[in-house]
There are 2 protein chains.
Amino acid sequence: MVEAIACYNHQYMSENLHAMRHSLAHITASAVKRLWPEAKFGVGPVVENGFYYDIDLGQQKISEADFKRIEKEMRTIINQGQPFERFEMPIDQAISWAQENQQPYKEELLNDLKRAGTTVAKDLDSDELGLAADGESALESVSFYKNGDFVDLCRGPHVEKTSEVGAFKLLRVAGAYWRGKETNPQMQRLYGVAFENQTDLDAYLVQLEEGKARDHRKLGRELDLYTVSPLVGPGLPLFTPRGTVLRDIMSTYSNQLRQRYGFQKVWTPHITKKELYETSGHWAKFGDELFLVKSQETSDDFALKPMNCPHHTQIYASSPRSYRDMPVRFLETTTDYRDEKTGELGGLNRVRSLTQDDSHVFARPDQIEAEINNLLIAARELYERIGMSLRVRLSYRDDSEGYLGGMALWETAQAQLKVAVEGNGLDFLEETGEAAFYGPKVDFMATDAIGREHQVATIQLDFVQPQRFGLSYTDQEGNAAQPVMIHCALLGSIERFLSVFIEHTAGWFPLWAAPEQVRILTINDTVDDYVTDIRKVLDDVVLMQPVRYNELRYTVDDRHESLGKKIREAAGMKIPVQLIVGPRDREAGEVSVRTQAGEEKVALTALAEYLHNL
Amino acid sequence: MVEAIACYNHQYMSENLHAMRHSLAHITASAVKRLWPEAKFGVGPVVENGFYYDIDLGQQKISEADFKRIEKEMRTIINQGQPFERFEMPIDQAISWAQENQQPYKEELLNDLKRAGTTVAKDLDSDELGLAADGESALESVSFYKNGDFVDLCRGPHVEKTSEVGAFKLLRVAGAYWRGKETNPQMQRLYGVAFENQTDLDAYLVQLEEGKARDHRKLGRELDLYTVSPLVGPGLPLFTPRGTVLRDIMSTYSNQLRQRYGFQKVWTPHITKKELYETSGHWAKFGDELFLVKSQETSDDFALKPMNCPHHTQIYASSPRSYRDMPVRFLETTTDYRDEKTGELGGLNRVRSLTQDDSHVFARPDQIEAEINNLLIAARELYERIGMSLRVRLSYRDDSEGYLGGMALWETAQAQLKVAVEGNGLDFLEETGEAAFYGPKVDFMATDAIGREHQVATIQLDFVQPQRFGLSYTDQEGNAAQPVMIHCALLGSIERFLSVFIEHTAGWFPLWAAPEQVRILTINDTVDDYVTDIRKVLDDVVLMQPVRYNELRYTVDDRHESLGKKIREAAGMKIPVQLIVGPRDREAGEVSVRTQAGEEKVALTALAEYLHNL
């Protein structure tokens, strides 16, 4: 399912912090309006770690040099402790208000709201829209919030007074098309970060500085891992030989791990007739988020696959299955395509081509716990090896309608999920009402080397697709029974995982994963024979942990350059093991091994074992 | 390039045999017209091993039961030795002829010809169109051929008389949309096979019978290798676990082979902005054969990649290159998409999703011979292992215009190709005027176990893309120089290769490639402990030839079924090694090994070595 593989870094945010950040968006707009009274405003939602507001100042450009005076104005408003006052207006009156106040973007939003009735325009965060209430009454009136003399169309909620917003800092300003469409006017998006207190903000700003040095886009260039071509397009990175090694080693790791846990590889094409998604239900729900594919030779309508589950149901359905064959476990590491807005694309974090290490289990309902346990153990093993601690979020259904599948099935499934998570000793939190409509789920958050948390793996139950595709197995009594599907991705998407992994390691990949694991640096050409001996040793090194049959990747730098230059270049490329070889090493039958931990002499006869133990 | 990877089984056909087959198409139509005077004719081209004619008989359906009397009528025409007489008509007069003779399809073709001038409608074989001459004069008049009282719009050439057509047989009749478009009327396509003499025809018919038992579509189902879902669409096979093992083992083989010859893996996405193909020139040349991809979020126009070379140029261009870095060799085994007509899709032979083991070398002009030699050795090694003999076709340019790149470069390149082919002791033929416009090429034809020849690997030089993408390296004098590109695919497409491989082996895959290599069949459950001992031996078997790190894939059939049934099932699934285990084997510390060669006893202590030597 689309949600099964959502890869956004969406951290848990308390309701209070959410209100603070939202209120700061209003305060930012109030301050901008004091400085530039002609400002026209778009939307100003809460985002991860803070908020932004989209502003149109015509020819006037805000730069970082303006941040001080905007922040000063914001502090004045905060110090005044202005109350946030909520009031409602009939929608037509609200439209007149927007016209009178020369707020064309708000006017457009209001007109959309009026047209759509209760349906909120899908490209906007619904918090930003002044729907007076959930549901049916929304069409009649919309709500506003006022602080001081600043009035904004807004659904709320806000903090009580402007003085209750915690600690904040304006961070950057960037161009952003109105509603993300390139054909719309370009606005200025003013970003701020905000936390409940100064300590948290300071910690975040330190993390941000540390993060800059580790930025995977910067390291991606420096370590020659991938490139982006304007001819191919944004969000479609091309992986160089070094980056491809990284991709392959991670996907091999995930594949070998899952094969050890009983999964079998399958292969499906990247396109499908739309009929597959009409049957699965994705066409109705996500049809406008797909890349559509047009055949010029036939009248067939195709789409690029944004997920793999519907394809996998067709392989399951291609053979009769008995209760004895269950569970059936498929794995496929394959590239999916999602039609992201250009403005949201950057580096490997958010891409249009995302390669999932996708898995689907077709299980009997009584096998859910064992299967979830299987996957939890696999996920723990992977992230322990990567050196990231995990915690999980369990998402359950609530009593509302809209969830598919019987309540009894949900309850037993949720109980089995929790037992499996507890049995694995994982730190967890539970959220009711956060399940997907098709089943409960387990999301994994991994903490990186500088304390940032990233959503990574996910495990989701699915009661809906087996039904929609009419999947079955023959039970012990000879009757047709319906299996449960379990979706799982351990890495999530390889591209996004690599963005996290590069920053987590700052490009100093562990030996088993490094594109170039070992570089031999010669002091002069009197050691050429000895280099041949060393190569013979290295040629026989095949690492077996955590990826089996990992043949050593090494190069030789025997140029006529100074050793200092060779070492600088090897360190710049973050080669984990540098073997420095001079005449004295040859005489002693040794090599000087240089790693991040320092330098030491290792006998050539002990070199293979030394590498195996790194 | 698109042509670089053409995978059609296109055997060499002499001009005489071509004329014979083409004449037989006319004779077929003459016979049909005698039997059904109201018949309306479409086109009747020469195809591999024979010919067909598209016929519209309204409600009347031709069945195989009619073949005898059609053939009888054809033999009468043949025995009459009617001369084929050529004559010309102005195009407007030809259109009147078609109208008077109630030949609406010919009328449509003539109108298209008139409109297009010298440009032949691209969906039709130009042999079939009565262009009076090549080039500019075509618009004024068109040519016809007449035998007996049958007249057909036709470019020729034909044999002199109907008696000179060799041996033939009508083979089948199938529905075919007029000009391949589903929205057009459906016609009946009457296929015949034809050879220069009865001996060749008989040999072909025997081969055809043998081929039926080996049909990869039949074996694909029986051996559970792949499935086709109507929801996903024709030409988009989904590979089951067994089929995926086959895919993977072949792609791993090709990858390891190429890595041994100095290629580095890269990775590129399956879509690109159309700007990439505008730059490469493919958009203008092949734009209407591409799957177009529409973004709903942005105004970008994308296409699914039908080949990988333009993507790879962007990786080459992402770093500065020096003459010392050359050649740069990239490999990528990746799925390309081609918008084939539905009627042309079948099994794995012609698919919309084709996974190429694609390679690109960026070389200095002086490196061409060494690089071609490198690739020839790799191709020879692969096909020797597969057990298919190879011959090659060298395609050179002629003196005509339309070839890009300087004549000197072409001449030196063609000479280097030939030297490399001769040096490899390969049987070859040379064809002048058959090169692609961008460079000369080497195509490989492999002969399968029943004597059929299939076009498989290809190596092509390319002087054009390096220029269009402005690729360069710094030469020894410090100046920018332009590299030559070499395209190569060893397997061609994995899907098509598998269709050949399945039929070549009749599903009895060699041990290293078989999805299930070994099956243990127990005689009864008194041997369960002994099976555990056998498993321990098998768990440690990792084959190293021809694919390294090929962990043994085995299963255990310990069901309470008779041994006879277990053996029948294992043989039905063509498991290369069946280990039969009973109490006496346990006592003797042996296993009974059953292979296609027969049955023999092997000591458990010798089993691993036995498997390594199979």
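Each chain gets a letter, A, B and so on, in the order the sequences are listed, and its residues count up from 1.
Exactly one of Phe302(B), Phe291(B), Tyr337(B) qualifies for a side-chain contact (heavy atoms from CB on, under 4.5 Å) with Val293(A). That residue is Phe291(B).
Counting all heavy atoms, side chain and backbone alike, Gln314(A) lies closest to Ser229(B) at OE1-OG, 2.9 Å. Between Lys265(A) and Thr244(B) the shortest heavy-atom distance is O-CB, 3.3 Å. Here the closest non-hydrogen pair linking Pro237(B) and Pro269(A) is O-CD, 3.5 Å. Closest heavy-atom contact between Ile315(A) and Phe239(B): CD1-O, 3.4 Å. Across all their heavy atoms, Gly287(A) and Gln296(B) have their closest contact at O-NE2, 2.9 Å.
Contacts of residues 247-261 of chain B with chain A at a heavy-atom distance below 4.5 Å involve Arg247(B), Asp248(B), listed in sequence order.
At a 4.5 Å heavy-atom cutoff, Arg221(A) makes no contact with chain B through either its backbone or its side chain. Of the atoms belonging to Phe330(A), it is side-chain heavy atoms, and not backbone ones, that fall under 4.5 Å from chain B. Contacts between Glu182(B) and chain A at a heavy-atom distance below 4.5 Å involve the side chain alone, from C-beta outward. Only the side chain of Thr335(B) comes within less than 4.5 Å of a heavy atom in chain A; its backbone stays farther off. Interface remark: Phe263(A) contributes no atoms to any contact with chain B (heavy atom separation under 4.5 Å). Contact of Tyr226(A) with chain B is not made at all, since no heavy-atom distance falls under 4.5 Å. Neither the backbone nor the side chain of Arg242(B) comes within contact range of chain A; no heavy atoms are under 4.5 Å apart. Ser295(B) touches chain A through backbone and side chain together, each having a heavy atom under 4.5 Å away. Proximity to chain A is absent for every atom of Tyr316(B), based on heavy atoms less than 4.5 angstrom apart. If you measure heavy-atom distances from Ile271(B) to chain A, the contacts under 4.5 Å come from both the backbone and the side chain. For Thr279(A), the part lying under 4.5 angstrom from a heavy atom of chain B is the side chain only. At a 4.5 Å heavy-atom cutoff, Thr183(B) makes no contact with chain A through either its backbone or its side chain. Interface remark: Val542(B) contributes side-chain atoms only to the contact with chain A (heavy atom separation under 4.5 Å). With a 4.5 angstrom heavy-atom cutoff, Glu551(B) touches chain A only via side-chain atoms. Heavy atoms of Thr240(A) lying under 4.5 Å from chain B belong to its backbone as well as its side chain. Residue contact with chain B, scored on non-hydrogen atoms closer than 4.5 Å, involves the backbone and the side chain of Asp339(A) alike.
When the salt bridge (charged side-chain N to carboxylate O under 4.0 Å, His left out) test is applied to Glu275(A), no partner is found at least two apart in sequence or on another chain.
Rounded to the nearest 0.5 Å, atoms CD (Glu297(A)) and CG (Leu345(B)) are 10.5 Å apart. Rounded to the nearest 0.5 angstrom, Leu236(B) CG and His270(A) NE2 are separated by 11.5 Å. Atom OG1 of Thr272(A) sits about 8.5 Å away from atom CG of Leu238(B), to the nearest 0.5 Å. Going from atom CG of Leu231(B) over to atom OG1 of Thr313(A) covers 7.5 Å, rounded to the nearest 0.5 Å.
Among Lys305(B), Glu332(B), Arg548(B), the residue making the largest number of heavy-atom pairs under 4.5 Å with chain A is Arg548(B). Chain A forms the most heavy-atom pairs under 4.5 Å with one residue out of Val228(B), Thr268(B), Leu290(B), and that residue is Leu290(B). No other option in His311(B), Lys274(B), Lys294(B), Gln264(B) has as many heavy-atom pairs under 4.5 Å with chain A as Lys294(B). Taking chain A as the reference chain and counting heavy-atom pairs below 4.5 Å, the highest number among Leu292(B), Thr298(B), Thr227(B) is found for Leu292(B). Contact tally against chain B (heavy-atom pairs below 4.5 Å) for Tyr277(A), Tyr177(A), Tyr549(A): the top residue is Tyr549(A).
Taking 4.5 Å as the limit, some side-chain heavy atom of Pro234(A) sits within range of a side-chain heavy atom of Lys273(B).
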